[in-house]
Each structure stands twice: as structure tokens, then as C-alpha cells.
Amino acid sequence: MNSFDWLTHMGIPTIDKFDIVEIKFKGGRKEYYRNIDRISLTTGDPVVVDVPNGHHIGYVSLQGELVRLQMQKRKIKDDDNILRIYRVATQKDLEKWEEAKNREIPTLYRAKQIIDEMKMEMKLSDVEFQSDNSKATFYYSADDRVDFRELIKSLASEFKIRVEMRQISLRQEAGRLGGIGVCGRELCCSTWIYDFKSVNTSAARYQNLSLNPTKLSGQCGRLKCCLNYELDTYMSALSDIPEVDKPLQTEAGSAKLQKTDIFRKLMWFSYNNDNNWHSITCERVSEILELNSKGVIPYDLKTNHGKEQEDLISKSNMELDALDKKFSKNKKTKKKKKPRNPGENQVVAKDSSGPEARPIAPKPESRPNRQSPEKPIQNRQNPPRKNVENRPKPVENQDKGPQIPREVNPDQVPKKKKNNKRRFNSRNKGEQNKGDQNSAQ
């Protein structure tokens with residue numbers, strides 16, 4: 001409910017300044033009071049204003065020429081019924097008002113208990129105490145009319161205060177309590193909306209929204225106020241879209257409307273409730289409707305005759321063939337590099353012995369050292385000698401004889417004589433025994 005005074009820097013003379021000021025109270029309630037004493041006020045100042053049977057404290061929300069426009073918008077007359085502003089609230093006034101506000105929450109809970117005891121069909125939403133602690137206003141909501149005369153007597157005797165009952169709608173109740181909407185922002189009814197317009201389900205139909213009450217209703221339980229925000233834009237866009245009351249008749253079958261894109265001017269149809277949808281423009285739909293009214297049935301949704309369909313197919317095939325030819329070409333082979341002339345990199349120098357110049361071959365490029373940096377570089381001409389003392393000594397074996405060191409030439413070692421015994425396979429042991437017996441005989 002905050003307002004921005006965009007006329008403060010316009011340089012309007014203060015002599016002709018509008019003397020009525022807009023004052024804001026609890027729950028976003030705004031009323032208008034006359035600044036008779038020409039008190040210097042600033043937006044946000046707490047002021048003491050005149051109310052019936054006492055005084056109350058509110059905050060300045062708007063002043064100047066914008067107040068005149070707001071009064072014209074709300075149709076409030078500038079007459080003697082507008083009460084006056086007493087003064088700017090002092091510290092003592094604010095302390096007394098703070099004490100009165102501390103009584104609101106306990107009073108609200110106790111009043112709800114009394115309503116339950118009396119079994120009254122009403123919902124108490126808020127309590128507002130006057131700053132002079134002389135009157136309390138109880139805000140409630142109910143579906144039907146409620147006789148609360150006995151309730152007022154019990155509340156007045158319980159709290160020793162003058163009681164006023166004020167019925168509010170569910171939208172006003174949500175605005176007084178506040179909250180966060182599904183859009184992630186604070187509720188519009190608690191920030192800037194002061195008059196609530198009726199919202200119908202036809203607004204959702206025009207915008208092609210699903211008629212799901214859980215999605216279309218706000219925190220107040222009524223249809224969301226934001227359904228009216230874009231309704232005028234949709235209504236102007238729907239003026240160019242034809243109304244399809246019955247299926248379109250074509251040779252391919254009857255086409256039923258499935259969906260309409262209002263801003264793109266496209267309409268989707270399906271043949272005989274098929275799952276495949278075909279999109280056509282609104283101009284084409286109007287053309288088919290006109291043909292059907294004359295008794296003419298087109299070939300399908302996009303063409304009037306079969307020849308046109310064949311032309312479209314042949315055209316699409318030609319495009320596909322052109323794409324195949326484009327991408328079926330062999331890739332360009334890489335150009336081979338031409339060999340360089342052998343004498344291109346040679347350096348010509350003059351020989352000191354004669355006047356003729358002879359070519360000198362270029363020096364080969366030095367190769368990088370491939371040896372790892374961790375291993376030390378060894379001199380190939382003088383390799384390191386091995387320690388002879390640490391060499392392993394040959395160990396004599398009774399069966400095999402002394403082992404030969406690695407440095408000895410194996411040709412000098414005498415070779416062992418091979419055993420001339422004939423070896424037989426383990427499977428032919430019987431034949432071997434036979435041969436032994438024959439030799440013995």
C-alpha cells in the first residue's frame with residue numbers, strides 16, 4: 001500500500017497546495033483528512049487525527065495534488081464530512097498507542113473462544129484498538145448474515161471497552177493478514193489493490209487456462225485477481241481468430257480443433273481424433289469454413305486439390321535430392337607439398353684456393369639429449385670399471401662340478417659326454433624290458 005509522490009519535485013507553489021492528506025492505518029486501510037492548520041508534514045510522519053468518539057494515530061502516505069486524483073478515482077467528495085488533523089504525534093501519544101496495540105493479540109484469542117462457546121458461524125480475523133484505548137474494532141467474515149448482538153454484550157463486558165463489529169470479504173481478509181503468492185511476491189491485495197473487482201471463470205477460458213480450481217484460486221479461496229490483468233490483451237487478440245463450432249470437413253476426414261495459439265495465430269486440428277496434430281493458420285481455417293459453407297470439401301487441411309499435394313511432395317523431394325548432392329561430394333584431398341630443390345638450403349662459399357665457389361652442405365641440427373635428467377651422464381670412451389673384489393666366487397658342487405664365471409669363454413670349457421643309453425617313452429616300458437631279455441638270451 002505504499003505510494004510514491006512523483007509530483008514532489010515539480011515545483012508546484014505551496015500557496016495553492018491541496019489541503020487534504022491521505023492517512024494510512026493498520027491493515028492497509030486509507031482515509032482522507034483535512035490539514036486545516038497547514039501543518040508541515042512529510043510522508044511517513046505519525047499524526048493524530050479526529051475520529052468519531054475520540055482520536056486515532058495514523059501515518060501520512062500521500063499529500064498534494066495526487067490526493068485530489070485519488071479522491072476522484074475513489075469517488076470521494078470534498079465536503080464537510082472530511083475530518084481534520086490535530087497535530088503531529090508526540091512521544092507520549094506513541095507510547096499510549098503502543099500499550100493499546102499490545103492488547104490486540106490476547107483480545108483476539110479470547111474473542112475466538114467466546115465465539116466458539118456461543119457456536120456462531122463466523123470467522124474472526126483481526127482486532128484493531130484505537131490509540132486512545134476507548135474502542136476496539138473486530139473484523140470478521142461469514143457466508144451468511146450473523147446476529148451478533150449477544151456477542152457484542154459479552155465482548156464489552158469481558159474487555160471493558162466499546163466494541164464495533166465490521167464484516168469484511170475473504171479478499172479483504174487476505175489483504176489484512178498478508179502473505180506470499182505462488183508467484184513468489186507479496187499478495188497484491190495487501191500491497192496496492194484497494195478495490196476488488198469480480199473475477200469470472202470466463203477469464204480463464206479466454207486465456208486457454210486449465211479450469212483447475214486449485215491452480216486458479218488464491219489464498220483467499222476465490223479466483224485470483226491477476227486473471228483480469230491480461231484479459232483485455234487476450235480479448236483484442238481473439239478478435240482475429242475464427243470460431244470453430246464443429247469439425248472441418250475434408251477428404252482426408254473430419255478435422256477437430258485441439259488447440260489454439262492466440263498470439264501466434266495458429267490452430268491445431270486432428271483427423272478423426274488421431275494423436276497426430278496438424279497446425280494451420282487462422283486465415284486457412286477461415287477459408288475452409290467458407291468452402292464448407294458452400295458445400296465444397298477440400299482435399300486436406302493444407303491444400304484444396306490433390307494436385308497441389310503432389311506438387312508439394314515433388315518440391316520437397318527435389319529439396320532432399322539437392323541436399324543429398326551437396327553432402328555426397330567427395331571431400332577435397334589435401335594438396336601434396338612440392339619437394340624442395342636440393343640446393344635450396346645449401347650455403348655458397350668461396351674456396352680460398354680458387355675463385356670458384358662451391359656449395360657447402362648445411363650442418364645437421366643438434367638433436368636433443370634423450371637421456372633422462374635423473375641418470376648421470378657417463379663417458380662412453382672411459383666407462384667405469386667394475387669392482388672385481390665384489391664379484392661372487394664360484395661355488396663347487398659335488399654333482400655338477402665348479403661353476404664357470406661369466407667372463408670365461410664357453411668354447412674353452414670341455415663338454416660333457418652324452419649318455420648313449422636309449423631312452424624309451426614311459427608308455428613303452430614293456431618293450432624296453434623285452435629288448436633286455438632278448439639280449440640276455
Side-chain angles (χ1 to χ4, degrees), residues 1 22-34 46-59 61 74 76 80-87 89-90 92-179 187 189-190 193-196 219-222:
M1 294 297 177
E22 186 182 69
I23 306 298
K24 178 182 176 182
F25 299 97
K26 181 184 177 182
R29 181 171 60 91
K30 292 182 179 181
E31 294 183 6
Y32 298 93
Y33 294 88
R34 196 180 301 277
V47 292
V48 181
V49 297
D50 184 16
V51 293
N53 302 322
H55 63 272
H56 198 24
I57 295 177
Y59 293 95
S61 62
R74 298 190 180 188
I76 298 174
D80 296 336
N81 294 328
I82 297 177
L83 302 177
R84 57 172 293 186
I85 297 174
Y86 285 135
R87 64 183 182 275
T90 60
K92 188 176 181 180
D93 296 332
L94 294 175
E95 290 176 359
K96 190 176 181 180
W97 185 37
E98 193 68 26
E99 292 176 1
K101 287 196 295 184
N102 293 334
R103 296 180 59 188
E104 292 177 356
I105 301 299
T107 303
L108 179 63
Y109 291 156
R110 178 56 185 156
K112 286 185 176 181
Q113 292 177 359
I114 294 172
I115 291 171
D116 293 339
E117 291 173 1
M118 299 179 69
K119 296 181 180 180
M120 300 182 68
E121 295 181 357
M122 58 184 295
K123 180 182 178 183
L124 190 66
S125 59
D126 195 10
V127 179
E128 184 180 359
F129 273 79
Q130 225 169 353
S131 62
D132 57 358
N133 208 359
S134 62
K135 188 182 77 169
T137 305
F138 292 81
Y139 295 93
Y140 72 96
S141 59
D143 295 334
D144 301 325
R145 296 192 63 173
V146 181
D147 186 8
F148 47 78
R149 287 178 291 182
E150 295 296 330
L151 178 63
I152 290 176
K153 292 179 183 179
S154 61
L155 292 176
S157 61
E158 178 76 22
F159 303 113
K160 308 297 181 184
I161 198 171
R162 192 161 46 89
V163 176
E164 179 184 353
M165 302 295 294
R166 186 175 294 181
Q167 185 175 1
I168 58 176
S169 64
L170 294 175
R171 297 180 190 275
Q172 291 174 341
E173 179 186 355
R176 291 188 68 87
L177 297 178
L187 297 178
C189 53
S190 62
I193 292 180
Y194 63 90
D195 56 342
F196 300 96
Q219 294 187 1
C220 58
R222 299 290 185 268

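Of all non-hydrogen atoms in E104 and E128, the two that sit nearest each other are OE2-CA, 3.8 Å. Across all their heavy atoms, P46 and L94 have their closest contact at CB-CD2, 4.2 Å. Closest non-hydrogen pair, F159 versus A111, comes out as CZ-N, 4.3 Å. Nearest heavy-atom pair across A100 and Q130 is CB-O, 3.6 Å. When every heavy atom of S190 is checked against every heavy atom of G175, the shortest pair comes out as CB-O, 3.2 Å. Counting all heavy atoms, side chain and backbone alike, R103 lies closest to I161 at NH1-CD1, 4.4 Å.
Distance CG/L187 to CG/L177: 9.5 Å, rounded to 0.5 Å. In this structure, C189 SG and L170 CG are separated by 11.0 Å, a value rounded to the nearest 0.5 Å. Within the model, atoms CZ of R29 and CD of Q172 stand 12.0 Å from one another, a figure rounded to the nearest 0.5 Å. Rounding to the nearest 0.5 Å places CD1 of I57 at 7.5 Å from OG1 of T90. Interatomic distance, I82 CD1 to R34 CZ, rounded to the nearest 0.5 Å: 5.0 Å. Taken to the nearest 0.5 Å, the CG atom of D195 stands 11.5 Å off from the CZ atom of R171.
Counting heavy atoms from C-beta outward, L83 and V49 have side chains that stay 4.5 Å or more apart. In this structure, the side chains of L151 and M165 come closer than 4.5 Å at one or more pairs of heavy atoms. When side chains are defined from C-beta on, E121 does not count as touching D143, because their heavy atoms never get closer than 4.5 Å. Side-chain contact check for D93 versus R87: some heavy-atom pair is nearer than 4.5 Å. The closest side-chain heavy-atom distance from F138 to T107 is below 4.5 Å. Contact annotation: the side chain of Y33 never approaches that of V47 to less than 4.5 Å [non-hydrogen atoms, C-beta and beyond]. Residues E117 and S154 have side chains not in contact (no heavy-atom distance under 4.5 Å, counting atoms from C-beta outward). You'll find the side chain of F196 stays beyond 4.5 Å of the side chain of R222, heavy atoms only.
The residues E99 and K96 are annotated as not salt-bridged, no charged nitrogen and carboxylate oxygen being separated by less than 4.0 angstrom.
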Practice task
Decide side-chain contact (heavy atoms from CB on, under 4.5 Å) for Q113 and E158; before the verdict, give the C-alpha distance in whole Å, the side-chain angles of both, and the deciding distance to 0.1 Å.
Solution key: CA-CA 12 Å; Q113 292 177 359; E158 178 76 22; over 6 Å; no

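Ring geometry, W97 versus Y59: the interplanar angle falls from 30° to 60°, so the pair is classed tilted.
Counting heavy atoms of neighbouring residues, nucleotides and ligands inside a 6.0 Å radius, atom NZ of K123 does not exceed 12 of them. For CG of D116, the number of neighbouring non-hydrogen atoms (other residues, nucleotides, ligands) closer than 6.0 Å is greater than 12.
In this structure, R176 satisfies the cation-pi test against Y139, with its NZ or CZ atom closer than 6.0 Å to the six-membered ring centre and inside 45 degrees of the ring normal.
Taking the centre of each ring, Y140 and F148 come in below the 6.0 Å mark. Aromatic rings from F25 and H56 are positioned such that their centres are separated by under 6.0 Å.
A donor-acceptor pair is defined here as one N or O able to donate and one able to accept, closer than 3.5 Å; no such pair exists between the side chain of K26 and the backbone of F129. Of the possible donor and acceptor atoms, one in the side chain of S131 sits under 3.5 Å from a partner among the backbone N and O of H55.
A donor-acceptor pair shorter than 3.5 Å can be found between the side chains of S141 and E173.
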